[in-house]
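Lettering of chains follows the sequences in order, A, B, ..., and the numbering in each one begins at 1.
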Amino acid sequence: MRAEVKWILSNPEIIDEVFEKFVNNCDIFINREVLRHDYLPERLPHREKTIRRLAETVAPVLKSARCSNAFLYGKTGTGKTAVTKYVLNRLEIKAKQFEASVRICYVNCRLAGTKYRVFSKLCQSLGGHIPFTGLSVGEVFDRLRLCLESVSIIFVVVLDEIDALIKARGDNILYELLRINEMLTDSKVSLVGISNDLRLKEFLDSRVLSSLSEEEIVFKPYDAEELRNILADRAQLAFYDTALTDGALSLCAALAAAEHGDARRALDLLRVAGEVAERYGAEFIEEEHVRDAERHIEHNRTVEALRTLTLHLKLVLLSLFHLGQADVQRGTTGEIYEVYNDLCGELGTGPLTQRRVSTLINELDSLGLLNAKVISRGRYGRTKRIRLEVARPLLKKVFSEDSRVKDLVGYKLKGSSC
DNA sequence: CGTCCACAGGAATGACGGGCGG
DNA sequence: CCGCCCGTCATTCCTGTGGACG
């Protein structure tokens with residue numbers, strides 16, 4: 001069964017297509033770029049309502065009035081960033097037409113990482129120069145204020161993934177940005193906050209929350225049918241017309257729908273499935289290629305995560321590895337710390353404190369390499385029950401490539417009291 | 001019903017490598 | 001070169017706590 005995407009081609013087009021296939025030596029892809037999640041498509045299916053709402057929210061900017069702050073939230077891959085960029089790109093174009101002095105700055109807070117770097121990005125987008133370190137945060141903030149005071153503009157600031165910054169450093173940055181308007185006479189700042197975490201509101205001061213969510217837009221997960229449409233849309237641009245089977249398309253949609261309706265995931269699956277099919281020299285992308293892609297993506301992610309761990313994170317994970325037997329792989333903080341101490345001794349490295357190891361365990365948890373759950377064993381105290389989430393052979397293989405820890409992979413536990 | 005285990009996890013502080021402007 | 005500030009990693013000290021045991 002082929003995808004129902006039908007193209008009617010004129011004769012010269014058919015010839016072109018055949019030649020192009022031959023030149024590119026590829027029967028599958030026309031353009032794989034359109035399946036990357038940073039690709040901004042011409043249209044965003046199933047987001048008409050949110051596009052309208054955001055557009056209505058920012059529209060006053062065209063009359064050089066400050067628009068309401070907006071707070072967008074929804075899980076990953078629900079189109080928040082795409083919708084925002086989509087609307088604001090067009091806003092910028094319209095603003096030029098109407099000669100409204102509008103500046104838009106998009107900052108990804110997770111990538112920026114700190115308040116300093118966020119402020120410095122905002123300054124730079126206004127033409128100010130900020131060294132990447134060396135100034136106090138207050139100084140950078142002042143420069144931002146001066147930049148804004150020297151001109152008369154509406155400055156729309158998009159803070160993507162603010163949840164990452166706020167959870168790490170508090171809502172201080174929002175407070176300062178929301179208050180900057182009080183210090184400005186001609187220019188005005190409007191904020192668009194984007195959060196992946198629905199519970200972010202709990203972390204916010206009530207004053208910050210109320211001014212940030214003057215306008216609140218919730219992004220619901222896509223269901224399987226909607227994902228199908230999105231994928232079909234992109235597939236038209238990405239693949240030759242017969243290259244994608246209907247089954248493969250539906251499977252991508254279904255798998256991503258099961259995982260909280262993540263369009264990003266769906267697109268990744270489709271792209272990798274295409275690459276898998278290409279590698280096999282297959283004529284079409286079929287369901288088995290999607291299954292392959294699923295394993296492939298998962299595998300790559302863990303290997304990459306394992307590889308880039310710091311020494312002590314590796315040691316902690318290795319301790320858990322040694323603690324577990326072939327089938328059961330669990331331990332408590334105390335048990336892990338004991339083994340960890342032994343491993344450090346073996347290496348001649350000074351061990352970190354248990355307090356520190358406890359946070360390392362949490363870091364590994366959020367990386368998905370292990371699963372830690374706080375439990376109480378009553379009389380026998382309160383601890384974390386920790387399970388390894390990595391296949392043992394995989395961990396063994398990746399760690400054996402690291403010269404620092406490779407000798408510890410085959411380490412035998414001393415006095416393993418059974 | 002209180003105790004007390006084995007930690008959880010917050011807060012304060014410090015060491016360190018780096019860059020700034022003067 | 002100095003004095004200052006940055007972000008990161010780590011330590012120290014601390015208060016908090018679910019529930020089995022007595």
**Report entry** Phosphate OP1/OP2 of C:dA10 contacted by A:Thr353 side-chain N/O (<4.0 Å)
**Finding:** no

Report task. Kindly say if A:Thr333 contacts the phosphate of B:dA8, meaning a side-chain N or O under 4.0 Å from OP1 or OP2. Result -> yes

Give the rounded distance in Å between these two atoms: [atom1] of [X] and [atom2] of [N].
X: A:Tyr337; N: B:dA8; atom1: OH; atom2: P; result: 12 Å
X: A:Lys384; N: B:dA6; atom1: NZ; atom2: C1'; result: 12 Å
X: A:Phe141; N: C:dC6; atom1: CZ; atom2: P; result: 15 Å
X: A:Leu315; N: C:dA10; atom1: CG; atom2: C1'; result: 15 Å
X: A:Asp142; N: B:dG21; atom1: CG; atom2: C1'; result: 16 Å
X: A:Tyr340; N: C:dA10; atom1: OH; atom2: C1'; result: 10 Å
X: A:Gln354; N: C:dT12; atom1: CD; atom2: P; result: 13 Å
X: A:Phe119; N: C:dC5; atom1: CZ; atom2: P; result: 18 Å

Query - Nucleotide of C:dC13, B:dC7, C:dA10 approaching A:Arg355 most closely (side-chain heavy atoms) - result: C:dC13

Query raised in the report: Among the nucleotides B:dC7, C:dA10, C:dT12, which one has an atom lying closest to any side-chain atom of A:Leu352?
Result: C:dA10

Please tabulate, for the side chains in residues 72-79 of chain A, all donor-acceptor contacts under 3.5 angstrom to protein atoms that are two or more places apart in sequence or on a different chain.
unit_1	atom_1	unit_2	atom_2	d
A:Tyr73	OH	A:Glu216	OE1	2.9
A:Thr76	OG1	A:His260	NE2	3.3
A:Thr78	OG1	A:Lys75	O	2.6

Query raised in the report: Are A:Glu176 and A:Arg179 ion-paired here, with the side-chain N under 4.0 Å from a carboxylate O?
Result: no

Requested in this report: Using a strict cut-off of less than 4.0 Å between a Lys/Arg side-chain nitrogen and an Asp/Glu carboxylate oxygen, indicate whether A:Arg387 and A:Glu389 qualify as a salt bridge.
Outcome: yes

Query raised in the report: In residues 356-363 of chain A, which residues come under 4.0 Å of DNA chain B by heavy atom?
Result: A:Ser358, A:Asn362

Report task. State which residues pass side chain to side chain donor-acceptor pair (under 3.5 Å) with A:Asn69; sequence neighbours excluded, sorted by chain then number. Result -> A:Arg66

Report task. List in chain and number order the residues that pass ring pair (Phe, Tyr, Trp, His ring centres under 6.0 Å) with A:Phe141, two or more places apart in sequence or in another chain; answer none if no residue qualifies. Result -> A:Phe119

Query - Residues which pass ring pair (Phe, Tyr, Trp, His ring centres under 6.0 Å) with A:His322, listed by chain and number, not counting sequence neighbours - result: A:Tyr411

Requested in this report: For nucleotides 14-22 of chain C, just jot down a letter per nucleotide in 5' to 3' order: B, S or -, based on protein non-hydrogen atoms under 4.0 Å.
Outcome: --BBBBBS-

Show the atom names and distances, to 0.1 Å, of all donor-acceptor pairs under 3.5 Å that link a side chain in residues 86-102 of chain A to residues at least two apart or in another chain.
unit_1	atom_1	unit_2	atom_2	d
A:Tyr86	OH	A:Glu42	O	2.9
A:Asn89	ND2	A:Lys85	O	3.4
A:Ser101	OG	A:Ser152	O	3.1

Report summary line: Residues pairing under salt bridge (charged side-chain N to carboxylate O under 4.0 Å, His left out) where one sits in residues 289-299 of chain A, two or more places apart or in two chains, turn out to be A:Asp292-A:Arg295, A:Glu298-A:Arg301

All N/O donor-acceptor pairs, side-chain side in residues 367-381 of chain A, below 3.5 Å, sequence neighbours left out:
unit_1	atom_1	unit_2	atom_2	d
A:Ser376	OG	A:Gly378	N	3.3
A:Arg377	NH2	A:Tyr380	O	3.3

Report task. Within residues 364-375 of chain A, find the residues that approach DNA chain C with a heavy atom at under 4.0 Å, and present them sorted by residue number. Result -> none

Requested in this report: Kindly write out the residues that satisfy side chain to side chain contact (heavy atoms under 4.5 Å, CB included) with A:Asp402, not counting sequence neighbours, or none if the list is empty.
Outcome: A:Lys314, A:Arg404, A:Val405

Query raised in the report: Who pairs with A:Glu363 by side chain to side chain contact (heavy atoms under 4.5 Å, CB included), at least two apart in sequence or on another chain?
Result: A:Leu313, A:Arg356, A:Leu360

Query raised in the report: With a cut-off of 6.0 Å (strictly less than), are more than 12 heavy atoms of other residues, nucleotides or ligands near NZ of A:Lys188?
Result: yes

